[in-house]
Amino acid sequence: MRSLFRLLAALVLCVQPVLAWEYWGGDRGGQRFSPLTQITADNVGTLVRGWEFRTGDLDARPPEVMKRTKFEVTPLFVEDSLIFCTPFNEVIALDPGTGAQKWRFDPKISMAQRPANRFVCRGVAHWTDDRAAEGAACKSRIFTGTNDTRLIALDARTGKPCADFGNGGEIKIDAGMKLEWPGEFQITSAPVTGRGVVVVGSAIGDNRRVDAPVGAVRAFDARTGQPRWTFDPLVHDSVEAGHSNVWAPMSVDEERGLVFLPTTSPSPDFWGGKRPGNDEHANSVVALRIETGELAWAFQTVHHDVWDYDLPAQPTLARIDTGNGMRDVVIQPTKQGFVFVLDRDTGEPVWPVEERAVPQNGAEGEKLSPTQPFPTHVPPLLTQRMTVDDVGGMLPGVGSAACEKLFAQSRNEGLYTPPSTQGTIVYPMTGGGVNWGSAAFDPVNQILLANVSHAAHIITLIPRDQAKGFNPPSGHDFGQQQGAPFAMSRALASTEVGSPCNKPPWGETVAVDLKAGKVLWHSTVGTSEDLAPLGIALNTGTPLLSGVAITAGGLVFTGAMDAYLRAFDVKSGKQLWLGRLPVPGVANPMTYLWKGEQYVVIGAGGHSEGGTSIGDSVVAFRLPRQGESASLWTRLIDRPGGRFVLKVIEVALTLIALTALIVLLRRRRRGRRANAV
């Protein structure tokens, strides 16, 4: 029966037009699954670099600006082109076989705006106007949001603005209030489209003020740009707060006419005394009618969030075997490592979700929820409490004393310990668990996969009378939380050498059998090579903000914060291959078929917040053609630790040469002295 089920699933997949990667998440529902099978577990080890494209930002932009970039983009494969955006919102189309540029559009955003979430663009959206004549301009459109809050429509074949959309091809989105600085309000994730509507969220500077801009989601007519609807996730009755916005990627069910929003915590993140109650529909999966903005249903994953545990991941739309038949669901992973599985029509949990008591006694004026929702069937993707027994760091004993002291003086009662003036251990950290990379779903094997990070934050509330003139230590994020009685400080719980306090691994890919409610495997992803001094490559794993791509060839591809793209076996989690990148690929990979060859592509531009090296490349790998093979350099040096070993050899050879030279010179001097005598 299992073999029959897999065969039927494969046949269904084969008739769907998904050989390309037409959406940011692979399909409208973000499954990140490709039915391509040319690259398999048997031949993935032979992959070679097909091409590399550089955007030119590294040479054209000032270094101080590049230090504020995050290259998190996933290209689309549409109109026989790879189309993506740079951190500065330039949209570029490439030849999929050579990586040569076909067209380029520059919205000319200001380099002086200092966006709150840095310069970033995770992707673009594609839409085809079925009413337009074949070959008409802008029948096939690319939509992109910008760091300066414009929504732009471009012809997907030429890159020229669509003159009939908005004002000459763009709409300027109004934040609704005066911003404290130009970058307080921006767009970072790709828009989504459905039923002739384009929907866009926003990212808003956290922890600046209680009265932050409203986090409205906005929808426009995809042809004309005329406003269709606006939805504010936060119910403001008796609540004083600005945003509960949607900065993360959204999903669309075209057949049902629904758009699914992963909403954030209200402002500010770490004190909620002016927003009593559960803060509906913050921290929720929200389903709206895409044509009208009408609320269909909402499910809240955190009540009255004071931990910055917003929903960072795209809701994954899948059809799963529940054990009681097949069912259309929404799968929502969280920063805490939870996996909520909800009925797609009603939002009701497929398996029971319990309300459990959580730590209380918050800061002065706080009104915490006494309980929080806990899924019961699918286990958490990572542990949810860190104690002094977990202290380890990069090397045993290095910096452990500092970490032990930190844990001794901080409040730490497990998940949902409230922020405090003494400092609170928040684990998983506010970056996850799972982050914007989201989950992926293999519909053939019925396996959910996600990247997770293992690290803790220290959140400290600073009384208002001490906040004025406060000078945060190096490595601390400081927020005024204006309008609240406390400012805040956030820092990674780290050793004296800067590594996380907890024992490795710090990043893993996790595979889950949803039907059985069982974790199938954990695999460490990444080394310390790009983060540690001298390029030392320890198998620690790295924090993983990005996600994975799955193929029907039985493979899982993922980047990390070291400069490699990796492939794992989807059933066992065994690492099968890695390919060197110019800098770390902190982005979601994708795959496509072009002229009979399967390519795997990743954006490799690094991540300034992650402390990696910075670049501006998009890199493609494919199977070798006749006469091609991986070079000796690739096999020996382009491996974790290869360059460190090479440096050691270079130093050793230099020392040997210097020693030989000194010995030779001494012998010559002795010879001259002997001749003189």
Side-chain angles (χ1 to χ4, degrees), residues 49 51-75 84-92 94 99 101 104 106 109-123 146-147 183 186 188-189 203 431 435-437 451 453 474-475 477 492 498-499 506-507 525-537 542-547 558-566 578-589 601-620 638 640 643-644:
R49 182 179 292 191
W51 51 259
E52 177 185 352
F53 173 83
R54 290 192 56 201
T55 68
D57 282 334
L58 202 59
D59 299 325
R61 310 285 182 180
E64 62 271 17
V65 172
M66 292 303 295
K67 290 178 182 177
R68 300 199 301 274
T69 62
K70 301 185 291 188
F71 199 69
E72 298 178 348
V73 73
T74 302
F84 67 97
C85 53
T86 74
F88 304 103
N89 302 116
E90 289 189 69
V91 182
I92 300 173
L94 304 180
Q101 181 176 303
R104 187 179 192 124
D106 186 357
I109 68 172
S110 170
M111 298 297 98
Q113 69 185 77
R114 298 191 71 87
N117 298 279
R118 307 203 179 194
F119 290 103
V120 60
C121 180
R122 295 188 185 92
T146 66
N147 288 291
Q186 63 186 125
T188 57
S189 290
N435 207 283
W436 54 263
N451 282 342
S453 299
S474 177
D477 174 32
L492 181 71
S499 63
W506 300 321
V525 181
T527 68
S528 61
E529 186 175 62
D530 204 64
L531 302 172
L534 305 176
I536 298 172
T542 70
L544 298 171
L545 304 176
S546 52
T558 184
M561 286 193 182
D562 62 356
Y564 299 93
L565 176 65
R566 289 172 168 82
L578 51 77
R580 180 73 183 180
L581 301 170
V583 300
V586 188
N588 284 10
V601 171
I602 190 168
H607 198 277
S608 59
E609 285 180 324
T612 75
S613 49
I614 299 298
D616 59 3
S617 295
V618 177
V619 182
D638 282 345
R643 282 165 173 74
F644 176 72

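Hydrogens, waters and symmetry mates play no part in the numbers below; they use all other heavy atoms, side chains included.
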Inset, instruction - List for me each residue that meets side-chain hydrogen bond (donor to acceptor under 3.5 Å, both in side chains) alongside Thr74, sequence neighbours excluded, and say none if there are none. - result: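 Applying side-chain hydrogen bond (donor to acceptor under 3.5 Å, both in side chains) to Thr74 gives none.
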Legend entry - Any residue meeting side-chain hydrogen bond (donor to acceptor under 3.5 Å, both in side chains) with Asp638, in chain and number order, not counting sequence neighbours: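 Partners of Asp638 under the side-chain hydrogen bond (donor to acceptor under 3.5 Å, both in side chains) test: Trp633, Arg643.
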Taking the side chain as every heavy atom from C-beta outward, state whether [X] and [Y] have any atom pair closer than 4.5 Å.
X: Cys121; Y: Val73; answer: no
X: Leu94; Y: Gln101; answer: yes
X: Arg104; Y: Thr55; answer: yes
X: Ile92; Y: Thr86; answer: yes

Legend entry - By salt bridge (charged side-chain N to carboxylate O under 4.0 Å, His left out) - contacts of Glu52 (at least two apart):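 In terms of salt bridge (charged side-chain N to carboxylate O under 4.0 Å, His left out), with neighbours along the sequence ignored, Glu52 is linked to Arg49.
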Inset, instruction - With sequence neighbours excluded, tell me which residues meet salt bridge (charged side-chain N to carboxylate O under 4.0 Å, His left out) with Asp530. - result: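 None.
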Give every donor-acceptor pair under 3.5 Å between a side-chain atom in residues 58-66 and any protein atom, sequence neighbours left out.
{"unit_1": "Arg61", "atom_1": "NE", "unit_2": "Asp57", "atom_2": "OD1", "d": "3.1"}
{"unit_1": "Arg61", "atom_1": "NH2", "unit_2": "Glu90", "atom_2": "OE2", "d": "2.8"}

Inset, instruction - Please determine, by modelled atom types, if Ser608 and Arg68 share a side-chain donor-acceptor pair under 3.5 angstrom. - result: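 Their side chains do not contain a donor-acceptor pair, so the 3.5 Å distance test is not met.
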Do you know which two heavy atoms are closest between [X] and [Y], and how far apart they sit?
X: Leu581; Y: Leu565; answer: CD1-N, 3.8 Å
X: Gly603; Y: Ala587; answer: O-CB, 3.7 Å
X: Val586; Y: Ala560; answer: CG2-O, 3.9 Å

Legend entry - Any residue meeting ring pair (Phe, Tyr, Trp, His ring centres under 6.0 Å) with Phe119, in chain and number order, not counting sequence neighbours: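 Applying ring pair (Phe, Tyr, Trp, His ring centres under 6.0 Å) to Phe119 gives Phe88.
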Legend entry - Ser617 side, atom OG; Phe71 side, atom CZ - distance, nearest 0.5 Å: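 If I round to the nearest 0.5 Å, the distance is 7.5 Å.
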Inset, instruction - Give a yes or no answer on whether the side chain of Ser189 reaches the backbone of Arg122 with a donor-acceptor pair at less than 3.5 Å. - result: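 No; judged by distance alone, with no hydrogens or angles, the pair does not exist.
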